[in-house]
Amino acid sequence: MTEAGYSEPTPIQEGAIPHALTRRDVCGIAQTGTGKTASFVLPMLTLLERGRARARMPRTLILEPTRELAAQVAENFDKYGKNHKLNVALLIGGVSFDEQDRKIERGADVLIATPGRLLDHTERGKLLMTGVEILVIDEADRMLDMGFIPDIERIAKIIPFTRQTLFFSATMPPEIQKLADRFLQNPVRVEVAPPSSTAATVEQKLVASKGKDYEKRETLRSIINQQDDLKNAIIFCNRKKSVADLLRSLQRHEYACGALHGDMDQHSRTTILQNFRDGKLPLLVASDVAARGLDIPDVSHVFNYDVPIHAEDYVHRIGRTGRAGRKGKAFTIATSKDTKFVDAIEKLIDRKIEWLDGTPSSLGAEDSSEKPEPRARRSGKKQQAPSAATDKDEPKAAPQQDNRAPRPKNTANGSSSKPANDDRRRSRRRDRDDEPTPVGFGDDIPAFMLIGAKN
DNA sequence: AAAAAAC
């Protein structure tokens, strides 16, 4: 706890907790990584000490935009609420109703939910919201982005007017303010960080790349290999398909990596995230599902494989590193097509991001210097099955593989996506026969991290 | 140019 920075209150905690305890509504403007979660979990623990939950009538409700965030808040209750004998129910999609139903039936002190699943439960008539005393709306700006506001309105409507509401958002644009005005009564406003700031401890760089997929992948591998202090990293892509493609490519190059995006089944999402947190998986390829709020302590690097289309997402992505005053590095691969998005980011964060090699104008123009490998290499692979999109970048990557820096030695995915190219791989062994045999984690992965189960 | 969330 001390290590996590909770030995003394953070500004948002200092500002919000006393008011929450006096049952005032709170409008908190705080980014993740500011101790925001504890600023509602801790007072809730105190307020819940009196009284007990009745069957099917939860006493408090916390709404989160993504399943991972909801699970994370549930973990916080387990951590801080050890001695409070609370019933915590996590209601998220992608997993079965049964256990959730049982927890509701037993009487939940705390309900932590994503909007869709919560409404699903209420519509089945097994969940009564009339006993809710505290409503927490977390990540409101993101709820808005994701189109959840109508759901939130429906939910708020079935919760008694006499409730206390704690409302949190990283930013407070006019639409969010209007929303806050609707949900809150005479709130205390607590604001702790300017919305578009990036941590000063994060070293940010742009990396010029040519625009083809395989060229970007090669650029990415090259920056990864250049890092001598890489402990773990999140690699962000704009699309789920890119996440999947990049994962396959990196795995073929024997990087230990896993993927996280919203089309994956919940079991894989949970397992991969847990392995990444535990340090078993050093590289996480992810969509923006991982950009906000996920509490992964001490991510040393963030790589933006794609420049985010929305500038705010850049701030959220690189906010995964440099947390709690630690050092972090963020590299953004940019092609000539990304110029306007880069401009928008620099405008938002109000500073220029340096180019890695000081070559802003060389976008796509520096081919000769970096590529000693002639195209002739390609001829050797013509009878291969014309499948995996990753084929093309194999030969070019080979020369760099020999003296890679602290490269992860294992491959782990925890899901079904194994490179189905064993024979092809063997035939290319000569390209990297100095590589150690990859060791998979496979079954080594701890059992499905049951959300809310503590160890 | 996208992602996320209910079945």
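Values below: every heavy atom of this structure, side chains too, minus hydrogens, waters and symmetry copies. Remember, it's a predicted structure, so these values are computed and weren't measured experimentally. Labels below follow one simple rule: chain letters A, B, ... track the order of the sequence lines, proteins then strands, and each chain is numbered from 1.
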* To the nearest Å, how far apart are A:R67 CZ and B:dA6 C1'? -> 8 Å
* Structure fact -> With A:D263 as partner, the option from A:R239, A:R269, A:K240 fulfilling salt bridge (Lys or Arg N to Asp or Glu O under 4.0 Å) is A:K240
* Reckon A:D145 touches a base, only the sugar-phosphate, or nothing at all at heavy-atom distances under 4.0 Å? -> base
* Which atoms form the tightest heavy-atom contact between A:F183 and A:R163, and what is the distance? -> O-NH2, 3.2 Å
* Within the 6.0 Å centroid threshold, strictly below: A:F168 and A:F40 -> yes
* **Nearest-angstrom distance from the residue atom CZ of A:R154 to P of B:dA6** => 13 Å
* To do: Output the single nucleotide from B:dA6, B:dA2, B:dA4 whose closest atom is nearest the side chain of A:D120.
  => B:dA6
* Asked: Less than 6.0 Å separating the ring centroids of A:H301 and A:F303?
  -> yes
* Structure fact -> Atom CD1 of A:I155 and atom C1' of B:dA5 are separated, to the nearest Å, by 11 Å
* Asked: A:R142 side chain N/O closer than 4.0 Å to the phosphate oxygens (OP1, OP2) of B:dA5?
  -> no
* With sugar-phosphate meaning primed atoms plus P, OP1 and OP2, does A:N238 contact a base, only sugar-phosphate, or nothing at under 4.0 Å between heavy atoms? -> sugar-phosphate
* Asked: Taking the side chain of A:H261 as heavy atoms from C-beta outward, which of B:dA1, B:dA5, B:dA4 is closest to it?
  -> B:dA4
* Can a side chain N or O of A:T114 be found less than 4.0 Å away from OP1 or OP2 on B:dA4? -> no
* Would you tell me if any nitrogen or oxygen in the side chain of A:R269 comes within less than 4.0 Å of OP1 or OP2 on B:dA5? => yes
* Could you work out which one of B:dA1, B:dA4, B:dA2 sits closest to the side chain of A:D338? => B:dA1
* Nearest of B:dA1, B:dA4, B:dA5 to any side-chain atom of A:E68? -> B:dA5
* To do: Write down the distance between CD (A:Q266) and P (B:dA4), rounded to a whole number of angstrom.
  => 12 Å
* To do: Take the protein atom CG of A:D263 and the nucleotide atom P of B:dA2, then report the distance between them rounded to whole Å.
  => 14 Å
* Under a 4.0 Å N-O cut-off, is there an ion pair linking A:D245 with A:K241? -> yes
* Of the nucleotides B:dA6, B:dA5, B:dA1, which has the atom closest to the A:E123 side chain? -> B:dA6
* If you look at every strand shown and take non-hydrogen atoms under 4.0 Å, does A:G147 touch a base, only sugar-phosphate, or nothing? -> nothing
* Quickly work out the A:K337 NZ to B:dA1 P distance and round it to whole Å. => 11 Å
* Would you say A:T66 reaches B:dA5's phosphate, i.e. side-chain N/O to OP1/OP2 under 4.0 Å? -> no
* **Length of the line joining A:E312:CD and B:dA3:P, which is rounded to integer Å** => 16 Å
* Asked: Does the base of B:dA2 carry an N or O that pairs as donor and acceptor with the side chain of A:H310 under 3.5 Å?
  -> yes
* To do: Please answer whether the main-chain N or O of A:Q72 pairs with a side-chain N or O of A:N76 as donor and acceptor at a distance below 3.5 Å.
  => yes
* Asked: Does OP1 or OP2 of B:dA1 have a side-chain N or O of A:K340 closer than 4.0 Å?
  -> no
* Asked: For A:E139 and B:dA3, what is the distance between atoms CD and P respectively, to the nearest whole Å?
  -> 19 Å
